2 protein chains.
Amino acid sequence: MDKVQSRARGRRGNGGGGAERPAQRDPERTRASILAAATKEFAENGIGGARVDAIAERAGTNKRMLYHYFGDKEQLYLAVLEEAYIGIRSAERSLHLSDLEPEQGVAELAMFTWKYFLDHPEFLSLLGTENLHRARWLRQSTRLKELHSNFIDKLADLLDRGKAKGLFRTDINPLNVYLTIAALGYFYLSNQHTLTTIFGRDLADKANLEAWKRHIVHVTLSSIRR
Amino acid sequence: MDKVQSRARGRRGNGGGGAERPAQRDPERTRASILAAATKEFAENGIGGARVDAIAERAGTNKRMLYHYFGDKEQLYLAVLEEAYIGIRSAERSLHLSDLEPEQGVAELAMFTWKYFLDHPEFLSLLGTENLHRARWLRQSTRLKELHSNFIDKLADLLDRGKAKGLFRTDINPLNVYLTIAALGYFYLSNQHTLTTIFGRDLADKANLEAWKRHIVHVTLSSIRR
DNA sequence: CAAGCCAGTAACTAAACGGTTACTTTGTGG
DNA sequence: CCACAAAGTAACCGTTTAGTTACTGGCTTG
């Protein structure tokens with residue numbers, strides 16, 4: 001029962017550089033760790049298979065806190081989904097397509113998307129889960145409706161520059177180009193387990209992953225070149 | 001042990017032409033309707049979200065029968081998965097790639113795959129569910145291991161003919177070509193709900209579906225042509 | 001420094017769930 | 001026509017599940 005007495009610490013005031021104090025009560029940390037745990041649990045098991053108790057345990061906290069911060073299981077799932085989309089959209093912002101030559105820009109976008117999918121398998125799983133349920137929660141989300149991003153517009157500019165230079169076909173549109181890139185990356189990764197089983201070739205092998213990245217760039221570029 | 005040999009098939013012997021007997025007891029019919037109901041339920045809700053009671057009700061039978069014919073929920077899911085794979089593999093057999101010119105053959109394969117995916121959304125859902133669980137049940141299945149099909153071999157022949165005629169690049173391989181075709185179809189359809197929500201364009205619209213079919217053929221062919 | 005609110009815990013509950021038991025009905029072969 | 005096996009039903013069972021209640025301990029502020 002002898003809880004350490006000098007917990008003092010103003011939590012966020014530890015800028016000096018000392019060792020981080022565990023901080024027995026830290027709402028932000030608790031909330032964040034619930035969200036992280038829920039992301040894993042929902043990604044691994046889908047919404048129907050995810051267990052509220054499992055999330056609480058993974059977060060190192062209590063089930064009560066989960067309801068305290070997020071209301072119920074569905075709202076928690078929505079928070080997870082929103083955070084996942086915010087993640088990729090903000091990462092996309094680090095791409096500066098307008099600074100690049102048209103072909104190089106398309107190649108960069110393809111490689112960026114591939115790497116993002118590769119590094120964030122939980123994002124792919126959540127997309128799959130959400131689509132299984134016909135975007136039921138995504139449609140509810142007001143936060144995400146605003147997030148559409150001018151991303152497609154930027155891609156359109158890039159493609160227009162390529163068209164003006166006579167490099168690209170004039171009948172291509174940015175949505176199709178993006179869907180092509182996303183499709184090739186998404187399918188390979190999200191379906192790797194059944195494909196590996198059926199075709200007897202380990203798609204997760206490093207050399208195969210690298211080869212598929214080059215394949216995506218090749219396919220995308222050759223489909224838009226004149 | 002002493003299985004009676006001449007069970008003397010009742011049941012299907014009503015060929016004479018009389019009105020079809022409702023057949024109060026019909027094991028095959030019951031089994032089939034459970035399988036069909038389970039396919040829907042698993043496709044709509046995933047394995048964790050599917051409810052055994054819901055399957056029994058959809059099948060117009062009793063939960064007991066489900067356990068009678070399939071053992072338990074997981075074995076029923078496996079039976080559903082196996083049937084789904086058998087469906088696409090046997091449909092593939094109706095494609096006679098060896099009779100076609102190389103370019104036409106690739107185009108036919110692409111359009112066939114697209115149409116199959118479009119007509120069998122439950123197959124796509126089951127694939128998604130199975131991959132979420134890292135092909136846990138598919139790997140268990142001994143029946144499906146044999147089903148690999150000489151499909152890839154047939155595609156390889158087609159591509160080789162194209163290479164010999166100087167139509168196709170010599171560095172392409174059949175698995176990549178098939179994955180490209182499948183990826184473009186799968187992603188568009190399985191992710192249509194989130195994509196439609198995010199990009200504000202109805203991907204399920206008939207004109208868009210037709211355009212995407214042409215897009216798949218175009219992308220595939222332009223990526224393999226010399 | 002005490003009042004009051006907020007973070008956190010554990011034990012509980014009602015309903016839902018997968019699976020089973022005990023039983024009835026129907027068809028078939030001896 | 002009787003015996004037996006398979007098809008089918010309904011009520012039930014133990015466990016798991018999402019969600020709650022009642023409580024403790026700690027932080028901030030007037």
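The model shown is predicted, which means the values in this text are computed figures rather than measured ones. Residue numbers begin at 1 in each chain, while the letters A, B, ... track the order of the sequences. Excluded from the calculations below are hydrogen atoms, water molecules and symmetry mates; all remaining heavy atoms, backbone and side chain alike, are included.
- Of the residues in residues 34-46 of chain B, none has a non-hydrogen atom less than 4.0 angstrom from any atom of DNA chain D.
- Here C/dT25 presents its P atom at 15 Å from CE of B/Met65, a figure rounded to the nearest Å.
- Sorted by first and then second residue, the ring-ring contact (aromatic ring centres under 6.0 Å, His included) pairs involving residues 50-76 of chain B (not counting sequence neighbours) form an empty list.
- Atom-to-atom, CD1 of B/Ile55 to C1' of C/dC17 comes out at 12 Å; the value is rounded to the nearest Å.
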What string of B, S and - do you get for nucleotides 12-22 of chain D, 5' to 3', when a contact is any protein heavy atom under 4.0 Å?
-----SBBBBB
Distance-only check: which donor-acceptor pairs under 3.5 Å involve side-chain atoms of residues 39-46 of chain B, not counting sequence neighbours?
unit_1	atom_1	unit_2	atom_2	d
B/Thr39	OG1	B/Leu35	O	2.8
B/Glu41	OE1	B/Arg58	NH1	2.8
B/Glu41	OE2	B/Arg51	N	2.9
B/Glu44	OE1	B/Arg58	NH1	3.4
B/Glu44	OE1	B/Arg58	NH2	3.4
B/Glu44	OE2	B/Arg58	NH2	3.0

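- The side chain of A/His68 contributes an N or O atom lying less than 4.0 Å from OP1 or OP2 of C/dA7.
- Within a 6.0 Å sphere centred on CD of B/Glu57, heavy atoms belonging to other residues, nucleotides or ligands number 12 at most.
- A salt bridge links A/Glu92 with A/Arg89: the distance from a Lys NZ or Arg NE/NH1/NH2 to an Asp or Glu carboxylate oxygen falls below 4.0 Å.
- The shortest distance between the side-chain N/O atoms of A/Thr61 and the OP1/OP2 oxygens of C/dT9 is below 4.0 Å.
- With contacts defined as side-chain heavy-atom distances shorter than 4.5 Å, the pair B/Leu126/B/Trp137 does not qualify.
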Can I get a per-line list of side-chain donor-acceptor pairs under 3.5 Å for residues 182-192 of chain A, giving both atom names and the distance, sequence neighbours left out?
unit_1	atom_1	unit_2	atom_2	d
A/Tyr188	OH	A/Leu203	O	2.7
A/Ser190	OG	A/Tyr186	O	3.2
A/Gln192	NE2	A/Leu189	O	3.1

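- By the salt bridge (charged side-chain N to carboxylate O under 4.0 Å, His left out) test, A/Asp99 pairs with no residue at all, sequence neighbours left out.
- Rounded to a whole Å, the CD atom of B/Glu28 is 11 Å from the P atom of D/dG8.
- Look at B/Glu28 and B/Arg31 and you find no salt bridge, because none of the NZ, NE, NH1 or NH2 atoms lies under 4.0 Å from a carboxylate O.
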